[in-house]
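Before any comments, here is the structure.
We name chains A, B, ... by the order of the sequence lines, and we start the count at 1 in each one.
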2 protein chains.
Amino acid sequence: MFSKTCEYAIRAMIFIAQQSKDGSRVGIKDIAKGIDSPEHFIAKILQDLGRKGVVQSLKGPTGGFYLDNSGRKTTLATIVKAVDGDDIFSGCGLGLKQCSDKHPCPLHHEFINIRKDITNMLNKTKVGDLQEQLDKKLTFLRRD
Amino acid sequence: MFSKTCEYAIRAMIFIAQQSKDGSRVGIKDIAKGIDSPEHFIAKILQDLGRKGVVQSLKGPTGGFYLDNSGRKTTLATIVKAVDGDDIFSGCGLGLKQCSDKHPCPLHHEFINIRKDITNMLNKTKVGDLQEQLDKKLTFLRRD
DNA sequence: CAATTAAAAGACTTTTTTGTCTTTTAATGA
DNA sequence: TCATTAAAAGACAAAAAAGTCTTTTAATTG
């Protein structure tokens, strides 16, 4: 469904939302441990998301990654688009370049509702909401 | 959603169903042209599906790939499982090894219905049905 | 301002996926 | 039975994704 890169990105965003809710910042090592990902790999991903304005960061002592209140309202759709592009929102399920309502591939109609549901879900789900469920221990980011 | 390999596999299965409905066989070159795929690549994919009993083939003159009536009832689920495994049916959306109803990842609940819809769709859609829609020119396998 | 801390940047490697080419095996029909 | 046809098998190559490592830049604090 998502690339590994995108999975790490979503997990990291939720973790950062959680760790920075008191206004502090969280370092790359803690993030890597917290979401069980390769340290340098998630660093690269977050740097990319930083350039795109999806996550905030600060260098030096007391530095790290953080999300402000508006960042916590970031939707999964924003993250997925930034990392994987919008293939999942609009690409053809059978990989045809020419596939549309007018010129549908054999799976086009079967896919329409599924794609709509995925899009709705990604558009409405916010990082902050997922972080709150995590805080309540209703969900988990790793084994523990 | 699916790997390229799986996309080619589904397209090829529909094409073979169409071309072999009169009891004849269709060669790898015609398949590659018909679904716009690399010839040797789709050959390898179909050999694998052949070994798994998902498609039938015959060597020599008048040989080629074909589907009998029971083959035409093959579901997309069968093809997808044979090619991509069952990640799409049961894997965690965030790539966690430990993810279940009891120990859900942050996206677990959001994904449950989507996964159910995808599974239903793949289980109920048969190669033969897709081929009939193609015959009626309601859908397309390539530009034309 | 110098030492320290932590992210940014970028080169590099490994693994997986995708794609290509050549040789072998099996079936057909003259 | 021999030439031909077409898939099977398997080695190989290219591209993309995933992961690692080193150097540079920027912020903080004494």
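K29(B) comes within 4.0 angstrom of nothing in the nucleic acid, heavy atoms only. Here L46(A) lies out of heavy-atom contact (under 4.0 Å) with every strand.
Side-chain nitrogen and oxygen atoms of S57(A) include none within less than 4.0 Å of the OP1 or OP2 phosphate oxygen of dA6(C). Within the 4.0 Å cut-off from OP1 or OP2 of dA18(D), at least one side-chain nitrogen or oxygen of T5(A) is found. Note on Y8(B): a side-chain N or O is less than 4.0 Å away from OP1 or OP2 of dG19(C). Distances shown here put a side-chain N or O of R51(A) below 4.0 Å from the OP1 or OP2 atom of dA9(C).
Between H103(A) and F140(B), the ring-plane angle classifies as parallel under the 30° and 60° cut-offs.
We find that K52(B) and D48(B) are joined by a salt bridge, their nearest charged nitrogen and carboxylate oxygen being less than 4.0 Å apart.
Residues D30(A) and Q19(A) have side chains that never bring a donor and an acceptor to within less than 3.5 angstrom of each other.
Computed from coordinates, the Q47(B) CD to dT25(C) P distance equals 14 Å when rounded to whole Å. Look at CZ on F41(A): it is 14 Å from C1' on dC12(C), rounded to the nearest Å. Spacing between atom CZ of R25(A) and atom P of dT5(C) amounts to 17 Å, rounded to whole angstrom units.
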Name each donor-acceptor pair under 3.5 Å that joins a side chain in residues 120-131 of chain A to protein atoms two or more places apart or in another chain, with its distance.
unit_1: N123(A); atom_1: ND2; unit_2: T119(A); atom_2: O; d: 3.2
unit_1: T125(A); atom_1: OG1; unit_2: M121(A); atom_2: O; d: 2.7
unit_1: Q131(A); atom_1: NE2; unit_2: D135(A); atom_2: OD2; d: 2.7

